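What follows is a short report on a single structure.
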Amino acid sequence: MGLYEYLPALSALSRQMSELAAQPIQEEPPDHAPPRVLLARAMADFLAQLPVYDVCLTPDTPFMRHFVDFLCGTHDDETDEEQLFEDLVLFFREKTLRLAPHRMSEVEREVLKHFEDAQRPDDLDNLARRWYWVCLPALVQKEFSEACGFCHPAGEEFYQLLMGF
């Protein structure tokens, strides 16, 4: 199951976000909410880099199921713009961890900066923050170590402790 399977839904969502960003704001969003223009740009950038994300992200990628459910309209929670933004933030973060920061687009930099500036890294009660600061770096490091043959039981125990398993 690659992201290309969802290309029509991704394109429609990108258009919807662009149209939403162009509309006047009816009420003031919370301070931590992403600006609609930034969300629209993030969605367009994700779509433009779909070949890269199709390689970096798998069906097992954290938050992929939530994102796909949102795309397919089958989500059962009240997914809003902020949660969609968090999904994209985590995808951008995972790509950056896997492919190095010099491969980031300007939009990705802006999105990650907005997320980091709007959040406190020491407040890990929020699931997206915990994955951004702790779990994704640990997951990518573990996978890299395994790929290089540096597996060690103590490292696995530390990883499980960190991830909360």
Side-chain angles (χ1 to χ4, degrees), residues 3 6-7 9-73 75-141 143-144 162-164:
L3 287 169
Y6 303 103
L7 187 58
L10 285 165
S11 298
L13 181 59
S14 183
R15 272 191 311 278
Q16 179 186 359
M17 291 296 111
S18 293
E19 290 168 4
L20 195 58
Q23 294 176 1
I25 297 175
Q26 301 297 334
E27 60 185 57
E28 195 64 34
D31 291 337
H32 61 278
R36 285 183 169 170
V37 173
L38 183 58
L39 177 57
R41 291 179 59 220
M43 195 64 225
D45 193 68
F46 182 78
L47 190 56
Q49 295 191 60
L50 198 58
V52 175
Y53 283 104
D54 201 44
V55 172
C56 288
L57 306 176
T58 69
D60 296 333
T61 294
F63 298 85
M64 181 58 75
R65 181 80 265 147
H66 180 266
F67 184 70
V68 167
D69 287 348
F70 184 84
L71 284 176
C72 297
H75 57 282
D76 57 1
D77 59 351
E78 294 196 18
T79 302
D80 60 7
E81 294 170 20
E82 186 175 351
Q83 291 176 336
L84 175 61
F85 186 75
E86 287 177 346
D87 290 345
L88 290 171
V89 162
L90 292 171
F91 297 159
F92 290 1
R93 173 78 161 155
E94 185 168 352
K95 176 191 166 225
T96 301
L97 290 169
R98 291 188 185 284
L99 300 180
H102 73 277
R103 303 265 321 250
M104 291 174 65
S105 71
E106 277 304 309
V107 173
E108 288 169 326
R109 285 185 216 294
E110 188 178 349
V111 165
L112 295 183
K113 180 171 179 9
H114 176 82
F115 183 80
E116 290 175 4
D117 290 349
Q119 311 295 328
R120 289 188 6 239
D122 60 335
D123 178 14
L124 298 177
D125 289 338
N126 176 285
L127 189 60
R129 278 181 283 220
R130 180 169 176 72
W131 273 93
Y132 185 92
W133 292 110
V134 179
C135 298
L136 271 178
L139 178 67
V140 171
Q141 183 178 20
E143 290 175 1
F144 180 77
L162 188 65
M163 299 297 276

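Remember, predicted model here, so these are calculated numbers, not experimental data. Values below: all heavy atoms of this structure, side chains included; hydrogens, waters and symmetry mates excluded. For this chain, numbers begin at 1 and follow the sequence in order.
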Evaluation steps, salt bridge (Lys or Arg N to Asp or Glu O under 4.0 Å), between R109 and E106: CA-CA 5 Å; R109 285 185 216 294; E106 277 304 309; 3.5 Å; yes
message: Taking the side chain as everything from C-beta on, heavy atoms only, tell me whether V55 gets closer than 4.5 Å to P51.
response: no
task: Output yes when R129 and E86 qualify as a salt bridge under the 4.0 Å nitrogen-oxygen rule, no when they do not.
output: no
- prompt: Does the side chain of Q49 come under 3.5 Å of the side chain of D45 through a donor N or O and an acceptor N or O?
  reply: yes
message: Go through it in stages, so that I can follow the logic: the residues are R98 and E94, the test is salt bridge (Lys or Arg N to Asp or Glu O under 4.0 Å), and I'd like the CA-CA distance, side-chain angles, deciding distance and then a yes or no.
response: CA-CA 6 Å; R98 291 188 185 284; E94 185 168 352; 2.9 Å; yes
field: Taking every non-hydrogen atom, the tightest pair across H114 and P35
entry: CE1-CD, 3.6 Å
- prompt: If you round to the nearest 0.5 Å, how far is OG1 of T61 from OH of Y53?
  reply: 11.5 Å
query: Between T96 (side chain) and F92 (backbone), is there a donor-acceptor pair under 3.5 Å?
result: yes
query: Nearest 0.5 Å, what's the OG-CD distance between S11 and Q16?
result: 12.5 Å
message: Less than 4.5 Å apart, side chain to side chain, heavy atoms only: is that true for R41 and M17?
response: no
- prompt: In Å, rounded to the nearest 0.5 Å, how long is the span from CZ of R15 to CG of L20?
  reply: 14.5 Å
field: Residue of the set Y132, F85, W131, F67 for which ring pair (Phe, Tyr, Trp, His ring centres under 6.0 Å) holds with F91
entry: F67
message: Before you tell me yes or no, could you show the steps for E116 and W133 under side-chain contact (heavy atoms from CB on, under 4.5 Å), namely the whole-Å CA-CA distance, both residues' side-chain angles and the distance that decides it to 0.1 Å?
response: CA-CA 10 Å; E116 290 175 4; W133 292 110; 3.8 Å; yes
field: Side-chain touch H66/Q83, heavy atoms, less than 4.5 angstrom
entry: yes
message: Determine whether L10 and M43 satisfy the following criterion, side-chain contact (heavy atoms from CB on, under 4.5 Å), listing intermediate values before the conclusion.
response: CA-CA 8 Å; L10 285 165; M43 195 64 225; 3.5 Å; yes
message: Once rounded to the nearest 0.5 Å, what's the spacing between atom SG of C135 and atom CG of L127?
response: 8.0 Å
message: Working note: L3 + M64, criterion side-chain contact (heavy atoms from CB on, under 4.5 Å); need CA distance, chi angles, decisive distance, verdict.
response: CA-CA 10 Å; L3 287 169; M64 181 58 75; 4.0 Å; yes
- line: When rounded to the nearest 0.5 Å, the distance separating OH of Y6 from CG of L50 is 12.0 Å
task: Could you tell me the separation between the CZ atom of F70 and the CG atom of L84, rounded to the nearest 0.5 Å?
output: 5.0 Å
- line: Smallest heavy-atom separation, A42 atom then V111 atom, equals CB-CG2, 3.7 Å
query: Between L90 and A128, which heavy-atom pair has the shortest distance, and what is it?
result: CD2-O, 3.7 Å
- request: Give a yes or no on whether a salt bridge exists between E108 and R103, defined as a side-chain N under 4.0 angstrom from a carboxylate O.
  value: no
field: Heavy-atom pair of closest approach, residues A40 and A21
entry: CB-CB, 3.9 Å
